[in-house]
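Every chain is numbered from 1 and lettered A, B, ... according to where its sequence line falls, protein lines coming before strand lines. The structure presented is a predicted model; accordingly, all values stated were derived computationally and were not measured.
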Protein chains: 4
Amino acid sequence: MGRVRVPEQHEGKRKEILDAAHRCFLRYGLQGASISMICKEAGMSPGHLYHYFPSKDAIIEQMADEYLSTLHTYFGRQETGDVATVLLSEIWSMSSWDDTAHCRILFELLAEAGRNDRVRDILADNTAGVRKLLAQTLRAGQAKGEVDRGLDPEHTAAMLIAIVDAAPMLPLMVPGIGFDESRKLMTAMVRRFLEPKAAEQS
Amino acid sequence: MGRVRVPEQHEGKRKEILDAAHRCFLRYGLQGASISMICKEAGMSPGHLYHYFPSKDAIIEQMADEYLSTLHTYFGRQETGDVATVLLSEIWSMSSWDDTAHCRILFELLAEAGRNDRVRDILADNTAGVRKLLAQTLRAGQAKGEVDRGLDPEHTAAMLIAIVDAAPMLPLMVPGIGFDESRKLMTAMVRRFLEPKAAEQS
Amino acid sequence: MGRVRVPEQHEGKRKEILDAAHRCFLRYGLQGASISMICKEAGMSPGHLYHYFPSKDAIIEQMADEYLSTLHTYFGRQETGDVATVLLSEIWSMSSWDDTAHCRILFELLAEAGRNDRVRDILADNTAGVRKLLAQTLRAGQAKGEVDRGLDPEHTAAMLIAIVDAAPMLPLMVPGIGFDESRKLMTAMVRRFLEPKAAEQS
Amino acid sequence: MGRVRVPEQHEGKRKEILDAAHRCFLRYGLQGASISMICKEAGMSPGHLYHYFPSKDAIIEQMADEYLSTLHTYFGRQETGDVATVLLSEIWSMSSWDDTAHCRILFELLAEAGRNDRVRDILADNTAGVRKLLAQTLRAGQAKGEVDRGLDPEHTAAMLIAIVDAAPMLPLMVPGIGFDESRKLMTAMVRRFLEPKAAEQS
DNA sequence: TATGAATGAGGGTTCATTCAT
DNA sequence: GATGAATGAACCCTCATTCAT
């Protein structure tokens with residue numbers, strides 16, 4: 001009796017739209033990408049697109065949510081070794097990070113977050129989870145004497161995220177620098193930042 | 001006879017427009033701010049505005065140039081003391097940096113730089129000058145033994161700029177954190193990053 | 001074998017749709033109410049709705065027909081007493097008339113009738129029946145000497161309908177006036193209008 | 001220094017737009033007439049139209065205001081003779097009233113007033129002025145014994161306006177009836193309504 | 001210099017309607 | 001009978017830009 005609504009198909013279409021939107025946002029920016037562009041990219045009419053999303057803002061928000069959660073999920077995986085190594089290996093294992101283009105959208109979101117409360121909340125929510133995990137790891141490191149005990153774990157975790165998110169700036173600002181260079185520098189920086197001072201080690 | 005072109009007056013008007021544009025871009029984003037908004041903000045008709053700038057892009061580009069050069073000029077002033085202190089005091093003396101809103105435009109520019117070659121060049125050019133100055137300072141610090149000799153001055157300088165530019169992310173991502181906190185953390189981080197390792201000091 | 005078409009069920013569905021449409025037209029106007037609104041109100045998919053009506057216009061037309069016939073049917077019931085009393089009691093017994101909102105749709109239809117020939121015909125057809133009944137009553141009243149013999153029954157009947165249909169205007173135009181007030185005034189007006197002049201009565 | 005803003009020219013353009021809008025609203029209804037239609041009718045681009053009016057609603061509202069004030073202004077002119085004659089001569093002197101098409105828009109406005117508060121206020125405001133004048137005339141008539149003293153002047157005035165505004169219904173509902181017929185009927189009706197009862201005349 | 005009139009393409013969104021299932 | 005996917009034209013409105021004065 002009638003065509004049955006297939007939730008997976010519905011979600012599939014939503015995903016297609018989000019992917020198309022992501023590509024367009026990447027090329028033209030959040031405001032520069034138009035609905036009709038996204039429709040063309042997704043091979044879909046505007047009326048149909050609005051069957052799946054109520055507004056462009058809704059698309060941006062969900063895209064932001066998924067993008068950030070994917071981006072930051074890498075932090076969560078537990079590995080062994082000294083704390084700094086664990087942290088950094090996790091950080092650099094973010095697959096999309098080796099593609100300058102793919103992470104460029106972060107700046108769009110940061111810019112948007114300055115104006116759009118919903119996007120700011122999404123950013124904050126997504127960061128919060130990662131921050132907790134990082135803070136835990138840092139506390140464990142402090143217990144083992146691998147991380148300076150003078151650092152506030154919560155704030156330090158926030159700082160680390162900001163630093164990592166700042167990484168894609170370098171290739172933009174300095175044409176000559178590559179990803180490996182900036183990664184090595186970042187690694188060194190974080191390692192030195194975390195390690196206990198000589199005085200404490202005794 | 002006839003009206004003489006007064007270059008200073010001309011430049012004055014351009015400055016007014018750029019200021020108005022800056023305020024609008026801040027509130028609505030580079031793409032969200034319209035020419036008519038800027039006209040209203042500058043108390044000027046569109047026809048008149050186009051007498052001073054050939055296009056909106058030209059306004060954005062010049063605004064970016066002035067904004068970035070102002071932002072980074074603070075690096076250039078020479079002071080005394082150990083290198084880290086000098087660097088950091090310069091960094092934090094950036095007046096606009098204590099206002100979250102004022103530096104939000106940086107993200108707009110970074111986002112734009114990912115798409116717009118002209119803006120990327122402007123970003124690169126502006127950063128280049130500062131990088132050279134910072135690298136000089138770093139080299140001097142290495143000579144005096146205040147800065148780790150294992151660090152490449154050029155790359156480290158780039159890193160420092162990225163780090164500082166990343167600062168405004170924190171309040172966006174972590175609602176609780178203030179400017180003072182993030183500044184203290186950044187300061188500690190940079191100081192530890194730069195200082196020579198215990199082994200080297202001997 | 002196979003499903004048998006059940007005409008009553010079919011008509012039931014049509015009625016549901018018309019009722020839902022009526023509610024929507026009331027709230028948003030004939031043009032302001034959309035098919036998707038009506039579908040939601042009727043708890044029905046668009047495809048299904050189009051199984052019962054070929055177009056939105058068809059819905060409007062049938063709704064108009066039913067609405068007007070319901071509205072004017074009240075005129076038809078015969079009662080006893082002097083003609084004016086009969087007429088007026090019938091007029092005011094129109095149940096939906098005591099709700100400003102419910103009769104608002106009449107204006108929509110009158111406006112539409114000015115443009116849409118089909119709707120105009122529906123309006124004319126529905127009025128015609130009532131007019132005949134009223135004219136009969138008026139003629140009977142004239143025979144009994146209760147109604148002025150100088151009045152043309154046909155035209156007077158039309159006039160009366162217009163007057164009654166104009167009633168809902170008052171609350172719209174004069175915020176302070178209520179339904180009871182306007183009803184009393186109308187009653188007095190019609191009574192005076194119909195009654196024979198003193199000279200004639202002798 | 002620069003093209004001077006000529007207020008008359010500006011107002012002239014506004015008037016042109018309102019006239020074009022009026023014609024379109026007449027043909028297609030308030031909601032059925034689109035901005036692009038109005039633009040075409042006014043020989044103007046949409047961008048330019050929005051230079052003169054901030055929204056379609058603003059156009060509707062001003063059109064309503066001007067239309068109603070023109071329509072009702074005829075009531076205000078003082079003439080001599082018995083009150084009923086004065087009133088009716090004023091009423092029927094409404095020039096646009098002899099053109100069925102021209103007054104059809106009233107129904108659009110009444111329908112709109114049921115949903116749109118702004119339009120309702122405009123309707124109420126415009127009616128209020130006329131009501132006061134009519135009430136005055138009625139009171140004068142009562143003093144001279146030409147109008148029944150039992151009638152409340154305020155409410156009766158409202159009633160009269162409603163009746164007159166209802167006039168254009170007749171040709172819509174009864175195809176055979178012309179303007180002269182309906183006018184004669186209305187005149188007779190109002191005259192009988194107002195005149196003192198025989199008992200009072202003594 | 002300086003103004004505001006003027007353009008028309010394109011913005012996001014909704015529409016009545018059709019179709020495959 | 002009944003669903004929801006799918007369309008594309010049209011909706012109101014804003015845009016960067018040009019032009020006559």
Side-chain angles (χ1 to χ4, degrees), chain A residues 1-7 9-10 13 31-39 43-59, chain B residues 2-6 9-10 13 31-39 43-59, chain C residues 2-6 9-10 13 31-39 43-59, chain D residues 1-7 9-10 13 31-39 43-59:
Chain A
M1 213 202 278
R3 169 188 264 174
V4 182
R5 163 84 166 288
V6 183
Q9 221 173 67
H10 191 83
K13 278 284 176 192
Q31 313 195 59
S34 72
I35 287 286
S36 69
M37 278 173 183
I38 297 172
C39 286
M44 197 174 279
S45 65
H48 197 27
L49 184 144
Y50 277 85
H51 188 70
Y52 294 94
F53 288 92
S55 68
K56 188 184 175 186
D57 275 356
I59 297 178
Chain B
R3 187 165 286 165
V4 181
R5 164 80 168 284
V6 184
Q9 229 175 57
H10 192 80
K13 280 282 177 192
Q31 314 196 58
S34 71
I35 288 286
S36 72
M37 277 174 182
I38 296 171
C39 287
M44 197 174 280
S45 64
H48 198 26
L49 183 144
Y50 274 85
H51 183 73
Y52 291 95
F53 289 92
S55 69
K56 188 184 174 185
D57 276 354
I59 297 179
Chain C
R3 187 166 286 164
V4 181
R5 163 79 166 286
V6 184
Q9 229 175 57
H10 192 80
K13 280 283 178 191
Q31 315 196 56
S34 71
I35 288 285
S36 71
M37 277 174 182
I38 297 172
C39 286
M44 197 174 280
S45 65
H48 199 26
L49 184 144
Y50 274 85
H51 183 73
Y52 292 95
F53 288 93
S55 69
K56 187 184 174 184
D57 276 354
I59 297 179
Chain D
M1 214 203 276
R3 170 188 265 176
V4 182
R5 163 83 167 288
V6 183
Q9 221 173 68
H10 192 81
K13 279 282 176 191
Q31 313 194 59
S34 72
I35 287 286
S36 71
M37 278 173 182
I38 297 173
C39 286
M44 196 174 279
S45 65
H48 197 25
L49 183 144
Y50 278 85
H51 188 70
Y52 294 94
F53 288 93
S55 68
K56 188 185 175 184
D57 275 357
I59 297 179

>> Please pick, from dG11(E), dT7(E), dT1(E), the nucleotide with the shortest atom-to-atom distance to any side-chain atom of Ser45(D).
In response: dT7(E)

> Where do Cys39(A) and Pro46(A) come nearest, in terms of heavy atoms and distance?
Replying inline: SG-CA, 3.4 Å

> Could you state the CD-P distance from Gln31(B) to dG10(E), rounded to the nearest angstrom?
Replying inline: 16 Å

> Is Ser34(D) near enough to dC11(F) that one of its side-chain N or O atoms lies under 4.0 angstrom from OP1 or OP2?
Replying inline: yes

> Rounded to whole angstroms, how far apart are CD on Gln9(D) and P on dA6(E)?
Replying inline: 7 Å

> Mind checking whether His48(C) and His51(C) have parallel, tilted or perpendicular rings, split at 30° and 60°?
Replying inline: parallel

>> Go nucleotide by nucleotide along DNA chain F from the 5' end; which of Asp57(D) and Asp57(B) gets its closest nucleotide reached first?
In response: Asp57(D)

> Is Tyr52(D) touching bases, backbone alone, or none of the nucleic acid, heavy atoms closer than 4.0 Å?
Replying inline: sugar-phosphate

>> Please report the interatomic distance CD1(Ile38(A)) to OG(Ser34(A)), rounded to the nearest 0.5 Å.
In response: 7.0 Å

> So what does Ala33(A) touch, heavy atoms closer than 4.0 Å: a base, only the sugar-phosphate, or nothing?
Replying inline: sugar-phosphate

> If you pin Pro54(C) and His51(B) to their nearest nucleotides in DNA chain E, which one's is more 5'?
Replying inline: His51(B)

> The side chain of Tyr50(C) lies closest to which of these nucleotides: dA2(F), dT7(E), dA16(E)?
Replying inline: dA16(E)

>> If I take atom CD1 in residue Ile38(D) and atom P in nucleotide dC13(F), what distance separates them, rounded to the nearest angstrom?
In response: 10 Å

> Rounded to the nearest Å, what distance is computed from the NE2 atom of residue His48(A) to the C1' atom of nucleotide dC19(E)?
Replying inline: 12 Å

> Starting at CG of Leu49(C) and ending at P of dT18(E), how long is that distance when rounded to a whole Å?
Replying inline: 12 Å

>> Going by purine N1 to pyrimidine N3 plus the second Watson-Crick contact, or the G-U wobble pair, all under 3.5 Å, which nucleotide sits opposite dC15(F)?
In response: dG8(E)

>> Could you tell me how far apart Lys13(C) (NZ) and dG1(F) (P) are, to the nearest whole angstrom?
In response: 9 Å

> Counting just side-chain N and O atoms, does Ser36(C) come under 4.0 Å of either OP1 or OP2 of dT14(E)?
Replying inline: no

> If you take all heavy atoms of Lys56(A) and Tyr50(A), which pair is closest and at what distance?
Replying inline: N-OH, 4.2 Å

> Under a 3.5 Å cut-off for both distances, is dA20(E) Watson-Crick or wobble paired, and to whom?
Replying inline: dT3(F)

>> Minimum heavy-atom separation for Met44(D) and Lys13(D), please, with both atom names.
In response: CE-CD, 3.8 Å

> If you check the Lys56(A) side chain, which of dT17(F), dA16(E), dT13(E) turns out closest?
Replying inline: dT13(E)

>> Can you tell me which nucleotide in dT17(F), dG8(E), dC15(E) comes closest to the side chain of Ser55(B)?
In response: dT17(F)

> Which is true for Ile35(D) with a 4.0 Å heavy-atom rule: it touches a base, it touches only sugar-phosphate, or it touches nothing?
Replying inline: sugar-phosphate

>> For Met44(B) and Met37(C), find the nucleotide of DNA chain E closest to each by heavy atoms; which residue's nucleotide sits nearer the 5' end?
In response: Met44(B)

